[in-house]
Protein chains: 2
Amino acid sequence: MFSTTCKYGIRAVLYLAIKSTNDSKIGVDELADTLCIPKHFLAKILQVLTKNKVVSSSKGRHGGFYLKKRNKQINLMKIIEVLDGTNRLTCCILGLETCDSTHACPYHNIVQQFRNDFYQKLENETIGEAAQRIDEHDFNLKNL
Amino acid sequence: MFSTTCKYGIRAVLYLAIKSTNDSKIGVDELADTLCIPKHFLAKILQVLTKNKVVSSSKGRHGGFYLKKRNKQINLMKIIEVLDGTNRLTCCILGLETCDSTHACPYHNIVQQFRNDFYQKLENETIGEAAQRIDEHDFNLKNL
DNA sequence: CAATATTAAGATAAAAAGGTCTTAAAATAC
DNA sequence: GTATTTTAAGACCTTTTTATCTTAATATTG
Ligand code: FES
Ligand code: FES
């Protein structure tokens, strides 16, 4: 469904949304350590996300990655678009060229309903809202 | 969700279920051609499926791949197990080590309901039944 | 300004997935 | 039995994905 890159990216962004503030940024080391993600790989992912204005960063002492208010208003789908492209979520589960109800494969109908819902959630929920939801329900982001 | 291998495999098996009989087997060439799948790659996939008794084959003149009655009674999940392993469908969508309600990631609940349904379908529907359903509703298996 | 901490950038490597080719083996038809 | 057709098997190549490493740039602190 998501590439490993994208899984790492989503988890990192959500973690930042919960734990970082403008005054307390988080370094790649800590982030990679906490979330059990290969450090250099995560660094690269965060660079891409930074370049695409999904996360913010600052260099030097007490620097690190963090989310500005503006970043928290971005919706989750944006992360996926940046890291995986949009096609990955919408293409036919059996790999057929077209995926729509007029060329439905045998599993299209079963899959489509769910995908619409999931898609909606990803498009309508901001990073900030997701973070809040995670906090409230104590959802998991780490490999414990 | 599925690997390319598995997508090809599923489509090929379902096509065989619809079109082949004991007396009219289908060669890799025709199969690959019809379904737009790289020939040698498909051959390899079919070998694995044959070795695992999901499809049947015979060599020589008028040989090819086909499904025996027994093959048609196998459920779809078997194909996936053979080609992708079972883990791919059940693991956490964010890549966390454990995926269950007590260690739910932020999307576990949204995903789990669908996965259960899909899983059920794959486990409960035999290849023969799927073929019949495809025939009835004219579902698509080819890249037209 | 100098020392230091940290991201940015990009080259490189390793592993996995996807795809091709060649030869062998088997079954059938003649 | 021989020629032919077809799968079986496995070596090999290519591309994509995942992961690592090195150096540069930049900001902060003192
Ligand atoms: S056509 Fe296969 S999922 Fe839509
Ligand atoms: S814990 Fe993430 S999908 Fe189940």
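Proteins come first, then strands; the chains are lettered A, B, ... in the order of their sequence lines, and each starts at number 1.
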Legend entry - Any side-chain donor near an acceptor of the partner, A/Gln73 and A/Arg70, under 3.5 Å: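 No, no side-chain donor-acceptor pair sits under 3.5 Å.
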Inset, instruction - Verify whether one side chain among B/Asn75 and B/Thr126 offers a donor that lies under 3.5 Å from an acceptor in the other. - result: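 Not at all, the side chains of B/Asn75 and B/Thr126 share no donor-acceptor pair under 3.5 Å.
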Grab the [atom1]-[atom2] distance between [X] and [N] for me, whole Å please.
X	N	atom1	atom2	result
B/Ile45	D/dA9	CD1	P	16 Å
A/Gln47	D/dC21	CD	C1'	13 Å
B/Phe65	D/dT7	CZ	P	5 Å
B/Phe41	C/dA17	CZ	P	11 Å
A/His40	C/dA13	NE2	P	15 Å
B/Leu35	C/dG19	CG	P	14 Å
A/Lys25	D/dT26	NZ	P	17 Å
A/Asp33	C/dT6	CG	P	13 Å

Inset, instruction - Select from B/Lys59 and B/Arg88 the residue whose nearest nucleotide in DNA chain C is closer to the 5' end of that strand. - result: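 It is B/Arg88 whose nearest nucleotide is closer to the 5' end.
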If the cut-off is 4.0 Å, is [X] near the phosphate of [N], judged by side-chain N/O to OP1 or OP2?
X	N	result
B/Thr5	C/dG18	yes
A/Thr4	D/dT17	no
A/His62	D/dT29	yes
B/Ser58	C/dA26	no
B/Tyr8	C/dG19	yes

Legend entry - salt_bridge(A/Lys72, A/Glu129) N-O dist < 4.0 Å: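 A salt bridge is absent here (no side-chain N lies under 4.0 Å from a carboxylate O).
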Inset, instruction - Classify the side chain of B/Lys39 and the base of C/dG19 as holding, or not holding, a donor-acceptor pair under 3.5 Å. - result: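 Side chain to base: no pair present.
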Inset, instruction - Ignoring the backbone of B/Lys51, work out which of D/dT28, D/dA9, C/dG19 is nearest its side chain. - result: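 When the side chain of B/Lys51 is considered, D/dA9 is the closest of D/dT28, D/dA9, C/dG19.
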Legend entry - Touch class at under 4.0 angstrom, heavy-atom based, for A/Gly63 against every strand present: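 Result for A/Gly63 = sugar-phosphate.
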Inset, instruction - Classify the nucleic acid contact of B/Ile37 as base, sugar-phosphate or nothing, counting any heavy atom under 4.0 Å across all strands shown. - result: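 B/Ile37: no heavy atom of the nucleic acid under 4.0 Å.
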Give the table of side-chain donor-acceptor pairs shorter than 3.5 Å for residues 103-110 of chain A, with sequence neighbours excluded, one pair per line with atom names and distance.
{"residue": "A/His103", "atom": "ND1", "partner": "A/Asp100", "partner atom": "OD1", "Å": "3.1"}

Inset, instruction - Just say parallel, tilted or perpendicular for the rings of B/Phe2 and B/Phe118, cut-offs at 30° and 60°. - result: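 Rings of B/Phe2 and B/Phe118: tilted, 30 to 60°.
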